[in-house]
Amino acid sequence: MAYAQGAAGPVRILAIESSCDEAAAAVIEDGHRILSSVVASQIAIHRAYGGVVPEVASRQHLRTLLPVVEQALREASIGWDAIDAVAATYGPGLAGSLLVGLSAAKGLAYARRKPLLGINHLEGHIYANWLDVEGEVEPPPFPALCLVVSGGHTDLVLMRGHGQFDRLGRTVDDAAGEAYDKVARLLGLGFPGGPAIDRAAREHGPAGIQLPRAWLPGTWNFSFSGLKTAVLHLTREAQPPSVSEIAAAFQEAVVDVLVTKTVRATEEYDARVILLAGGVAANSALRREFARRATTPVCVPPPQYCTDNAAMIGAAAYFRYIAGERSDFTLDVRPGLSLAS
Ligand code: KG4
Ligand code: ZN
């Protein structure tokens, strides 16, 4: 096993994630062993509004975050003595939501005299690929080509080593998850849209219609807003196709572009592995198409570690911790933080 281990024994990090509508805490050992991972989802609360309401999310975090942290420590069966550092997401995300998690982490770290580590949420998503879920896994090799597809981001990133990210491309308009959520709303499939479209498309099977793909040649960028408009026009036709047919055609278009461009970039940059990350990486068609078309190994976390969780933050924090990084207590939230330029 190629994981580094200090002479002082295992490193255990208490990690907190609160960038959007999930309040989560986890205890992670040596960047890969999950001692506990607790996620309090607010989906049921936001469903009534058809999307995440930032004010509601941060107020709810105030209520749930500390009990979630206590539960994570309890489930890990360890006390504060065994915790080496406290980590929290400091961006990107909703300012109010991030503030609740980062402030809690600062307070706990200060009171317990532990170092603090602010972690980039997108880096966290990528490090979900280091977590052991079913037995110990080999850590991914470098260079790795990462596709980060979440509700707010669609980034193609070359990871040359721990903490070394070059962003090759990104969406120029909607994120993939955002497109899923908006199209689901257009089709009356509810919130969150990703799992609903995934299900409808799976039940339908291959679509009989083809929707446009934005290839943006000569770049590693993506665009999904034209596809969303094409769906809108379809629904307004005198005799529109069925909802499940449109869902299947939409998903085929999204998956085709994501897989094609990622596989091409992997070949161009001689990456040794593809790492899928973010909520949309839970999509069954995306996982299947990558397995079918990739020419290198593909890592993808189990669905519950693709969507927001704190275990991934603890994994990312470990590699920064052993590299000697510490955050200052003046660290502020960065709602617009990106992975790399
Ligand atoms: O990473 P994530 O949990 O939160 C952000 O950082 O944004 O991603 C949430 C996004 C939502 O847009 C949701 O619709 C999408 O991930 N998603 C999916 C699936 N599960 C979640 N999209 C497609 N298929 C899924 N099965
Ligand atoms: Zn996320």
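Since the model is a prediction, treat every value here as computed from it, not as a measurement. Every number for a ligand or one of its atoms is a count from 1 in the order of the listing.
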Asker: Give the residue, atom name and distance (to 0.1 Å) of the protein heavy atom nearest atom 20 (N) of ligand 1.
Answerer: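 So the nearest neighbour among protein heavy atoms is Gly279 O, 3.5 Å.
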Asker: Atom 3 (O) of ligand 1: which of Asp308, Val254, Asn309 has the nearest heavy atom?
Answerer: Asp308
Asker: So is Tyr180 polar-close to ligand 1, meaning N/O to N/O under 3.5 Å?
Answerer: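 The answer is no, given that Tyr180 and ligand 1 share no N or O pair closer than 3.5 Å.
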Asker: Can you tell which of Val39, Thr307, Asp181 gets a heavy atom nearest to atom 11 (C) of ligand 1?
Answerer: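 It is Asp181 whose heavy atom sits nearest to atom 11 (C) of ligand 1.
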Asker: Okay, side chain of Asn309, backbone of Tyr305: is any donor-acceptor separation there less than 3.5 Å?
Answerer: yes
Asker: Residues in salt bridge (Lys or Arg N to Asp or Glu O under 4.0 Å) with Arg292, at least two apart?
Answerer: Glu289
Asker: Considering Gly151, Ala196, Gly193, Gly278, which one's heavy-atom position lies nearest to atom 9 (C) of ligand 1?
Answerer: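 Considering heavy atoms of Gly151, Ala196, Gly193, Gly278, the nearest to atom 9 (C) of ligand 1 sits in Gly151.
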Asker: Compute both the distance and the angle, then confirm whether Arg264 meets the cation-pi test with Tyr269: under 6.0 Å from the six-membered ring centre, within 45 degrees of the axis.
Answerer: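 No, a cation-pi geometry is absent between Arg264 and Tyr269.
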Asker: Quick check on Cys20 - does any of its heavy atoms sit under 4.0 Å from an atom of ligand 1?
Answerer: no
Asker: For ligand 1, is there an atom lying under 4.0 Å from some heavy atom of Glu22?
Answerer: no
Asker: So, 4.0 Å and heavy atoms of His121: is ligand 1 close enough to count as a contact?
Answerer: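 The answer is yes: ligand 1 sits under 4.0 Å from a heavy atom of His121.
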Asker: Could you work out, for atom 15 (C) of ligand 1, the closest of Val148, Val255, Thr89, Val280 by heavy-atom distance?
Answerer: Val280
Asker: Would you check if the side chain of Asp21 reaches a backbone N or O of Val52 as a donor-acceptor pair within less than 3.5 Å?
Answerer: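 No, because the side chain of Asp21 does not come within donor-acceptor range (under 3.5 Å) of the backbone of Val52.
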Asker: Ring centroids only, cut at 6.0 angstrom: are Phe224 and Tyr180 within range, meaning strictly under it?
Answerer: no
Asker: Counting only protein atoms, how many N/O/S atoms are less than 2.8 Å away from the Zn ion (ligand 2)?
Answerer: 3
Asker: Among Ala128, Gly194, Gly177, which one puts a heavy atom closest to atom 18 (C) of ligand 1?
Answerer: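 Nearest heavy atom to atom 18 (C) of ligand 1 lies in Gly194.
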